[in-house]
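In what follows, every chain begins at residue 1, and chains take the letters A, B, ... in the order their sequences are listed.
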2 protein chains.
Amino acid sequence: MKQNLSETCGQFFSTLANPTRLAILELLRDGPRNVTEISEALNQEQSMISHNLKPLERCRFVFSERRKKERFYSLNKETMEQLFKIFSYHAEKYCPTGGKCRTNRGLQEQKKKDASSSLYLTRH
Amino acid sequence: MKQNLSETCGQFFSTLANPTRLAILELLRDGPRNVTEISEALNQEQSMISHNLKPLERCRFVFSERRKKERFYSLNKETMEQLFKIFSYHAEKYCPTGGKCRTNRGLQEQKKKDASSSLYLTRH
DNA sequence: GAATGATATGAATATAATTTCATATGACAC
DNA sequence: GTGTCATATGAAATTATATTCATATCATTC
C-alpha cells in the first residue's frame with residue numbers, strides 16, 4: 001500500500017474513463033456476452049467493441065473464454081461491483097445533482113452537510 | 001443502483017485517470033496542502049496544479065478551505081481510501097507484475113489461479 | 001483444405017485532454 | 001487604495017485517446 005499509487009493506478013482508472021467501456025461493463029452485469037451480442041446491444045461497430053474489450057481484459061475487469069467460434073466476455077464482479085458500490089455511494093452523498101458534478105457551485109453549502117454526515121459504505 | 005452507470009460514472013473515473021491528479025491525491029493522504037506546497041512537492045507549474053485541482057474538487061475527491069491568502073486542499077478520505085484499497089487488492093490479485101498490466105499475455109495461465117482464489121476485500 | 005462466421009488488428013483520421021504561458025482575480029497588510 | 005503574495009483563468013499549442021474502415025486471423029464445419 002502507499003507505494004506510488006499515482007504510477008500504478010493510471011491504467012486502472014484510464015480504462016474505466018470511457019463511456020463505451022463503462023457501457024460494456026454495465027451490460028456484462030447481466031451475464032456473459034459474446035462480441036457480436038455486445039456490439040448489437042450497444043449499437044456500436046464490432047471492431048470498436050473489440051478495441052475496447054482489450055484494455056478491459058488487460059486490466060482484468062472482464063474475463064474471456066472461447067466457446068466454439070465465439071468468445072464470451074464476463075464481468076469481474078468481485079472488483080466491479082465494489083467499485084460501482086463506492087461510486088454510487090459517493091455520487092449520492094457528494095453529487096446530489098444526479099452524479100453529474102458539472103459545476104463547482106454550491107460547494108460551500110454542501111460542505112456544511114458533509115460535516116454532519118459520516119456514514120460509511122461498508123460497516124463492520 | 002444500476003441506473004445508467006455508464007453515463008454517471010464517466011466524470012468520476014476520468015478525473016482519476018490522470019497522473020498529476022493521482023499524485024495530488026496521493027500527496028494529500030499525508031494531510032492538507034496549499035496550492036504552492038502541492039506544486040513544489042510535485043515539481044509542477046502552479047497553474048497546472050490549479051487546473052488539475054478543479055476537477056478533483058468538482059468530483060469531491062478533495063475539499064478546499066481558505067486560510068488567509070492561501071487555499072488548503074484536503075483529501076476526501078472516505079471515498080479515496082476505499083478506492084485505493086480496492087485498487088491495491090485488485091492489482092495484487094490480478095496484476096502480479098506490479099500493477100502495470102501492460103500485456104495481455106499470461107491471461108490463460110492466470111485464469112487458472114483466479115478460479116482457486118476467492119478472497120474478498122472486505123470480509124464481514 | 002475451402003468456405004463461413006466470429007473476432008482481432010493496423011493504421012489513418014477524428015476527437016478530446018493536457019500543458020503551458022500570460023494574465024486576471026482575490027485576500028491581506030500597510 | 002497600493003503593493004504583495006497566492007491562486008485561478010483563458011486560450012493556444014501540444015499530446016494523447018478514440019473511432020472508423022479495410023483487412024487479417026482464428027475456429028469450425030463440411
message: If we ignore hydrogens and angles and just use 3.5 Å, is the side chain of A:Arg60 paired with the main-chain N or O of A:Phe63 as donor and acceptor?
response: no
- prompt: Without hydrogens or angle criteria, can the side chains of B:Tyr73 and B:Glu37 be said to hold a donor-acceptor pair below 3.5 Å?
  reply: no
message: Does the protein touch nucleotides 24-30 of chain C at the base, only the backbone, or not at all? Give it as B, S and - per nucleotide, heavy atoms under 4.0 Å.
response: ---BB--
field: ring-ring contact (aromatic ring centres under 6.0 Å, His included) contacts in which one or both residues fall within residues 4-32 of chain A, not counting sequence neighbours
entry: A:Phe12-A:Phe61, A:Phe12-B:Phe87, A:Phe12-B:His90
task: Give the rounded distance in Å between these two atoms: CG of A:Asn34 and C1' of C:dT7.
output: 10 Å
message: Distance alone, cut at 3.5 Å: any donor-acceptor contact between the side chains of A:Arg21 and A:Asn52?
response: yes
- prompt: Do we see a donor-acceptor contact under 3.5 Å between the side chains of A:Ser50 and A:Gln46?
  reply: yes
message: By nearest heavy atom, map B:Thr36 and A:Ser14 onto DNA chain D; which one lands nearer the 5' end?
response: B:Thr36
message: Just N and O in the side chain of B:Asn18: are any of them under 4.0 Å from OP1 or OP2 of C:dA17?
response: no
message: Can you measure A:Lys54 atom NZ to D:dA18 atom P for me and round it to whole angstrom units?
response: 13 Å
statement: When rounded to whole Å, the CZ to C1' distance for the pair A:Arg71 and D:dT28 reads 15 Å
message: Quick check for you: to the nearest 0.5 Å, what is the distance between A:His51 atom NE2 and A:Glu45 atom CD?
response: 10.0 Å
- request: Return the nearest nucleotide to the side chain of A:Val35; candidates are D:dA18, C:dA6, C:dA8.
  value: C:dA8
- prompt: Do B:Leu16 and B:Met80 have side-chain heavy atoms sitting under 4.5 Å apart?
  reply: yes
- prompt: For DNA chain D, what residues of residues 39-53 of chain B have any heavy atom nearer than 4.0 Å?
  reply: B:Gln46, B:Ser47, B:Ser50, B:His51
Flag for A:Glu57-A:Ser64: side-chain donor and acceptor within less than 3.5 Å: yes
query: So does A:Tyr73 get a side-chain nitrogen or oxygen closer than 4.0 Å to the phosphate oxygens (OP1/OP2) of C:dA6?
result: no
query: Do you see a donor-acceptor pair shorter than 3.5 Å between the side chains of B:Tyr89 and A:Glu78?
result: yes
- request: Remember a base hit wins even if backbone is also touched, and classify B:Phe72 as base, sugar-phosphate or nothing at under 4.0 Å, heavy atoms.
  value: nothing
message: In this structure, how many angstroms lie between the P atom of D:dT4 and the CD atom of B:Glu70, rounded?
response: 18 Å
